[in-house]
Amino acid sequence: MTVAPAKGAGLGGLAAAPVRQLAPYVIGKPIGELQRELGVDDVIKLASNENPLGPSPRAIAAMQQSLADIWLYPDGNGHELKQALALHHGVLPSQVTLGNGSNDLLVMLAEAFLTPATSAVYSQHAFAIYGIVVQATGARAKITPAYPEGHAMQMGHDLTAMLAAIDDSTRVVFIANPNNPTGTWNTTAQIRQFLQAVPPTVIVALDEAYFEYSRRVDCPDGTALLQAHPNLVVLRTFSKAHALAGVRVGYGLSHPEVADMLNRVRQPFNVTIPALAGAEAAIGDAQQVHSAIRLVEDGLQQLQAALPQLGIRLYPTAGNFVLADVGSGSAIYERLLRQGVIVRPVAGYGLPHCVRITIGTAAQNDRLIQSLATAMQGKQDS
Ligand SMILES: *Cc1c(COP(=O)(O)O)cnc(C)c1O
């Protein structure tokens, strides 16, 4: 069978139809880019939920040591890191799939389980990568309405609606718990109930990128539910609390048969030597994670005390970021940029009245508060 390329679309027309319809993921503005635009050095970025305390010193030392070996390919099976993660989580190494960030796991899940004849379910306002990986496969995206205005967890995933959206074609459900960019979460009881009710033939991808931070609310530990639910895949990352976003390493925990399928589509050397070494060392440093959690708890209080006084509404959050209703997200984003402060506009998530702000150090939060005070008065700079 031959298929003619899409007419009049140039080389882009040669791409697969679902890919031509994709909108690329919008990243947080890099510091260097704003420095070039403004011609200033003093820029702070509170746009990508990074941890400003940086990684464990042990992780840095391990990565530096690992540089002696980087002329070699990495261990494509990630033996040592899988052993360490298995021990840490009380699972078998065969249940662990390593990724180039947990984003890579999302791609693998879509490639392994979705085709144009299937569908995937996720919520309105859910993490944008879900839509991208689903659409790239040509599978149908079934996007359920989030909890409405006035609900205690407004904008959050409505698991009852998600359950109702599942049909015979559904192979994967994506749940971000907590969700980015809304900060909303589903409780232990809700997740348990959902997993009881979901057909065992549907893969449930439970994305716990902010797991460490979410301990302050009633957000479940997905790893405790793996035993009872063979269709569950728990996603974790070293990018957020562990502060290793730049080396790209995350993982999935699942039934070994699911891990086997993910590993078939995984690129053989998807996790680099420094990433394998840094992640393994980071697991053992509970103190570093504890410091990150403390920073976020203190910073959240700082923002909660100051921003409402500027007329900004903050929504509840279980992550290291807050969704802030500033009236016009794009206007405030631009005014903050001119003051050297990068936050994240979220109009692409259907939230044009908001910006997402990563909780920073006390000094960064102070700078943000000052800049927001100026921005909310409609001025361009201080
Ligand atoms: C940041 C984030 C990820 C993935 O980050 P990686 O750096 O690819 O591990 C996954 N899910 C959510 C909800 C996130 O916010």
Side-chain angles (χ1 to χ4, degrees), residues 46-56 88-89 102 123 125-127 146-147 151-157 159 175-194 206-225 234-245 250 253 282-283 285-308 312-325 343-344 346 354-366 368-369:
L46 301 172
S48 299
N49 302 342
E50 291 132 337
N51 168 7
L53 296 179
S56 161
H88 182 72
H89 289 294
S102 54
S123 175
H125 309 313
F127 185 46
Y147 285 131
H151 190 284
M153 200 52 77
Q154 74 177 78
M155 300 174 293
H157 296 6
L159 296 185
I175 298 172
N177 206 33
N179 184 46
N180 166 17
T182 55
T184 51
W185 66 95
N186 293 100
T187 65
T188 306
Q190 287 174 338
I191 294 286
R192 279 183 182 279
Q193 207 180 8
F194 179 84
L206 186 61
D207 181 350
E208 298 185 331
Y210 301 94
F211 173 77
E212 294 84 358
Y213 297 120
S214 71
R215 303 298 74 209
R216 63 180 186 261
V217 301
D218 175 22
C219 212
D221 175 350
T223 66
L225 305 169
V234 176
L235 304 182
R236 295 280 181 92
T237 180
F238 287 94
S239 297
K240 305 286 159 68
H242 288 291
L244 289 169
L253 302 175
I283 300 169
D285 196 342
Q287 188 53 48
Q288 182 271 342
V289 173
H290 183 71
S291 304
I293 293 170
R294 278 290 305 275
L295 181 87
V296 166
E297 285 172 352
D298 293 347
L300 186 56
Q301 284 189 14
Q302 197 183 351
L303 299 185
Q304 282 170 339
L307 299 201
I312 296 169
R313 175 174 177 195
L314 296 180
Y315 295 96
T317 179
N320 66 331
F321 57 90
V322 280
L323 189 69
D325 183 347
V343 298
R344 191 65 159 269
V346 285
C354 294
V355 293
R356 191 194 69 197
I357 304 167
T358 302
I359 298 163
T361 62
Q364 289 176 330
N365 299 333
D366 267 335
L368 168 84
I369 292 162

What is the minimum heavy-atom distance between [X] and [Y], and which atoms define it?
X: Asn186; Y: Pro220; result: O-CD, 3.3 Å
X: Thr187; Y: Gln190; result: N-OE1, 2.9 Å
X: Pro52; Y: Ile359; result: CD-O, 4.4 Å

Got a sec, which residues hit salt bridge (charged side-chain N to carboxylate O under 4.0 Å, His left out) with [X], two or more places apart in sequence or on another chain?
X: Arg236; value: Glu208, Asp221
X: Glu50; value: Lys45
X: Asp325; value: none
X: Arg216; value: none

Output all residues satisfying side chain to side chain donor-acceptor pair (under 3.5 Å) with [X], sequence neighbours left out; order by chain, then residue number.
X: Thr317; value: none
X: Glu297; value: none
X: Asp298; value: none
X: Thr358; value: Asn49

Can you measure from [atom1] ([X]) to [atom2] ([Y]) and round to the nearest 0.5 angstrom?
X: Ile191; Y: Ile175; atom1: CD1; atom2: CD1; result: 4.5 Å
X: Leu206; Y: Thr223; atom1: CG; atom2: OG1; result: 10.0 Å
X: Asn177; Y: His157; atom1: CG; atom2: NE2; result: 7.5 Å
X: Leu295; Y: Asn51; atom1: CG; atom2: CG; result: 7.0 Å
X: Met155; Y: Cys354; atom1: CE; atom2: SG; result: 6.0 Å
X: Leu368; Y: Gln302; atom1: CG; atom2: CD; result: 9.0 Å

ask   = Any sub-3.5 Å donor-acceptor pair from Ser123's side-chain atoms to Ala126's backbone N or O?
value =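 The answer is no, because no donor-acceptor pair under 3.5 Å joins these two groups.
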query = When you measure from the side chain of Asn365 to the backbone N and O of Gly360, does any donor-acceptor pair fall under 3.5 Å?
reply = yes
message = Using a 6.0 Å cut-off, check whether atom CD of Gln154 has over 12 heavy atoms from anything other than its own residue.
response =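 Correct, the count exceeds 12.
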ask   = Is the CZ atom of Arg215 crowded by more than 12 outside heavy atoms at less than 6.0 Å?
value = yes
Checking [X] now: which residues fulfil ring-ring contact (aromatic ring centres under 6.0 Å, His included) with it, not counting sequence neighbours?
X: His242; result: Phe238
X: Phe127; result: Tyr130
X: Phe321; result: Tyr210
X: His290; result: none

Do [X] and [Y] touch side chain to side chain, with heavy atoms closer than 4.5 Å?
X: Arg344; Y: Pro181; answer: no
X: Asn180; Y: Arg356; answer: yes
X: Pro316; Y: Trp185; answer: yes
X: Pro178; Y: Cys219; answer: yes

ask   = Given the rule in the side chain to side chain contact (heavy atoms under 4.5 Å, CB included) test, do Ile312 and Leu314 qualify, once you have shown the distances and angles that lead to the verdict?
value = CA-CA 6 Å; Ile312 296 169; Leu314 296 180; 4.2 Å; yes
